[in-house]
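All remarks here apply to the structure that follows.
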Amino acid sequence: MDSKKTKTFYITTPIYYASGNIHIGHTYANVVADVIARYKRIRGYQVRFMTGSDEHGEKIQKKALEAKMEPKAYVDKIAQSFKEVWKAMNISYDYYVRTTDESHIACVKKVFTKLLEQGDIYLGKYEGWYCTPCESFFTDAQVGEEHLCPDCHRPVHWEQEDAYFLNVKKYASDLLEFYQQHPNFCRQDKINEMINTFIKPGLDDLCITRTSFDWGIKIDENPKHVVYVWIDALLNYISALGYLSDDDHLMKEYWGEDTEILQLVGRDITRFHVIYWPILLKALNLRLPDQVLVTGLLVTKSGVKLSKSLGNAPSPYPLIERYGVDSLRYYLAREMQIGEDGCFTPTQFVDRLNADLANNYGNLVNRSLSMINRYFDGVIPEYHEPIDDLTKKLFADVKEKLTIYEEKMNDFDITMGANAAMELIDLGNKYFDNIAPWTQAKNNNIDLLKESLYAASELLRIGSILLKPFMPTKTIDALDQENVPDSLRTFDSIKDIGKLGGIHIGTLSPLFPRLKKDEEIKFLTDLIDGK
RNA sequence: CGCGGGGUGGAGCAGUGGUAGCUCGUCAGGCUCAUAACCUGAAGGUCGUAAGUUCAAAUCUUGCCCCCGCUACCA
């Protein structure tokens, strides 16, 4: 059925601003992307998964100054620290893009020149309320009626400077048409919000250069101008594919018409990815992504966004050390409803890990394999067609959950995908209770004992395969304990029921130790309240 | 009337016309293979509020109250 050509899939995360440390809010988006990337890979896609860092701008220049470092040295350090987090989080990105990469800089300059030549960029005046001591422009809303600087509270004055603008007005109608023709481009409520708030009142041309600082990409045509964040950061998605470079084979491969392109963005940067980025692509006569998936943000209980500047977001490291990376990944993927804001709370964290991972998945692995040890000296019984109705029903139910899992995952609803996998595992607990293998053993009903433990072995194998994208290491651990051969660990092998008989299982150890609720809540609360 | 999302048992959510459901928590029972786990059952909701449409509304209409996000060059 499948075409001979391998399907390609390009997935990107936001690139994070290199001004501080990564916190769990950032890790959330990358976990979502990683789960999707891993899922696509096991479904046979040729995947390119990219993340990176945005390393230019005034703020970074200031930060570097404070740290008494050259900006480049400063961002080198930050980028390195980001990569370390992604390594610790098991983020399987294929490429890490930095906006200070030579190739990126070259691409941005070429794009600027191209757009200037074709008339989509022009030189104009940028106007706004200017605070001289802060060297910053502010909007009407920011300065308020008093016309005071929102940072230092001193008076601001109306000021203008030369700046280049991107002619976005010209593309507004094209964009609206695109939205209409591609209802899956982005969630409809977000699109409506964008249309009503920004497009309908009339889009203003976007100011894309600054002269007030110089840590950025200087344009060849007028080097006192540096490219401001929009054009610089957004282009990462294609500069990293070699757009306009001598070697653009990746661009052809992953930004071609046949590629499925998924871009993850946080809700806070929706506008740039749903309005300006598509316009930029249209101006460059390039295709648009298939979908911009807006993920929610992690917020505190009172609804405040977790952020670097507020300092209210824990680092992922203590969580990884204490609970293991897979637990954190699972929690983020499962607890946060994708697309909705989610709230990191100690109670929910502990409850979720105990309920799903320790009590359900981990415990089922343990109890199933323990029985195989106890009753069959660690050898999985041979398969035969199920005789007992309960076993028949179990296999039917497994199939049903599997279908739901696929549906949800194909829609990138990883929250419900994880849920379906967990429900599949949970079938095993009810099945055991109904069959009561321990009773069958006492009654010497060996056939049913064998049938039930074989069924459980398959259930664990399938469940572990489904959970692989979420928990790449613990699922391997589970499959190792069951000693499943590599050939039966692939997604495609899920349908190969009946091949586990005769396997001598491995050494058992609890996958996820049950957490002591009070202790862990205290630990987590202290962590959030500031170390 | 700026735009949009939302108010469902203790917590988090599903549910777009026809006996109000899920997960966690709580309580009671069961089981003993397992990580004090697992299974079963129970308690607990007038579905923000007021009115309307309908044989029938959490679900449609309208008013009101409350929470949240966005409101433009702040990543």
Side-chain angles (χ1 to χ4, degrees), chain A residues 14-19 54 57-59 126 128 136-142 150-151 163 165 187-198 200-201 203-208 210 228-230 233-234 265-272 275-276 296-297 299 301-305 307-309 334-337 339-343 345 347-348 350-352 354-375 415-416 419 422-423 426 428-441 449 452-453 456 508-515 517:
Chain A
I15 55 172
Y16 302 101
Y17 200 53
S19 66
D54 175 16
E58 195 176 8
K59 233 182 236 170
Y126 180 68
S136 297
F137 278 98
F138 298 102
T139 62
D140 276 345
Q142 284 174 304
D151 288 341
F165 285 81
R187 276 170 48 174
Q188 207 51 50
D189 58 334
K190 298 284 177 197
I191 292 293
N192 289 341
E193 187 177 345
M194 292 302 140
I195 292 175
N196 287 324
T197 312
F198 302 108
K200 247 169 40 187
L203 270 180
D204 282 340
D205 286 348
L206 186 68
C207 171
I208 54 167
R210 289 296 145 89
Y228 200 53
V229 55
W230 325 124
L234 288 170
V265 302
R267 146 169 91 60
D268 52 339
I269 52 172
T270 307
R271 190 172 90 239
F272 304 105
I275 297 179
Y276 299 119
L297 302 174
V299 297
K301 223 172 194 167
S302 46
V304 178
K305 170 184 162 186
S307 75
K308 286 184 261 207
S309 45
R334 176 65 189 84
E335 190 70 37
M336 310 290 146
Q337 184 62 42
E340 309 286 326
D341 282 355
C343 174
T345 63
T347 311
Q348 282 182 353
V350 175
D351 283 347
R352 177 62 71 186
N354 273 341
D356 288 7
L357 299 184
N359 298 350
N360 191 27
Y361 181 46
N363 187 241
L364 190 75
V365 170
N366 203 243
R367 70 191 298 209
S368 309
L369 300 183
S370 293
M371 281 191 269
I372 290 171
N373 269 337
R374 173 184 293 241
Y375 301 123
T415 312
M416 285 300 119
N419 188 48
M422 236 3 115
E423 284 181 354
D426 193 40
N429 282 319
K430 293 182 177 71
Y431 174 72
F432 273 157
D433 217 66
N434 290 328
I435 292 272
W438 47 92
T439 306
Q440 306 308 331
L449 181 62
S452 64
L453 292 183
L508 303 193
S509 70
L511 276 182
F512 300 95
R514 191 178 160 80
L515 304 173
K517 198 166 169 178

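Just so it is clear: chains get the letters A, B, ... in the order the sequence lines come, proteins before strands, and each one is counted from 1.
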Base-pairing assignment for [N] (Watson-Crick or G-U wobble, both under 3.5 Å):
N: B/A50; value: B/U62
N: B/A72; value: none
N: B/U19; value: none
N: B/A43; value: none

Say we look at [N] and [M]: how far apart would their [atom1] atoms be, to the nearest angstrom?
N: B/G17; M: B/U53; atom1: C1'; answer: 12 Å
N: B/C13; M: B/C1; atom1: P; answer: 33 Å
N: B/G45; M: B/A20; atom1: C1'; answer: 8 Å

Open item on the list: Of the options B/C3, B/C24, B/A75, whose atoms approach the side-chain atoms of A/N196 most closely?
Closed with: B/C3
If you restrict it to nitrogen or oxygen atoms, what contacts under 3.5 Å exist between nucleotides 26-33 of chain B and the protein, and what is each distance?
from, atom 1, to, atom 2, distance (Å)
B/C33, O3', A/R374, NH2, 3.4
B/C33, O2, A/R367, NE, 3.0
B/C33, N3, A/R367, NE, 3.4
B/C33, N3, A/R367, NH2, 2.4
B/C33, N4, A/R367, NH2, 3.1

Open item on the list: How long is the straight-line distance from CG of A/D356 back to CD of A/E335, given to the nearest 0.5 Å?
Closed with: 8.5 Å
TODO: Between A/L203 and A/L234, just flag the one whose closest nucleotide in RNA chain B comes earlier from the 5' side.
DONE: A/L203
TODO: Look at all strands and tell whether A/N363 reaches a base, only sugar-phosphate, or nothing, counting heavy atoms closer than 4.0 Å.
DONE: base
TODO: Specify whether A/W230 and A/F272 have parallel, tilted or perpendicular ring planes, treating 30° as the upper limit for parallel and 60° as the lower limit for perpendicular.
DONE: parallel
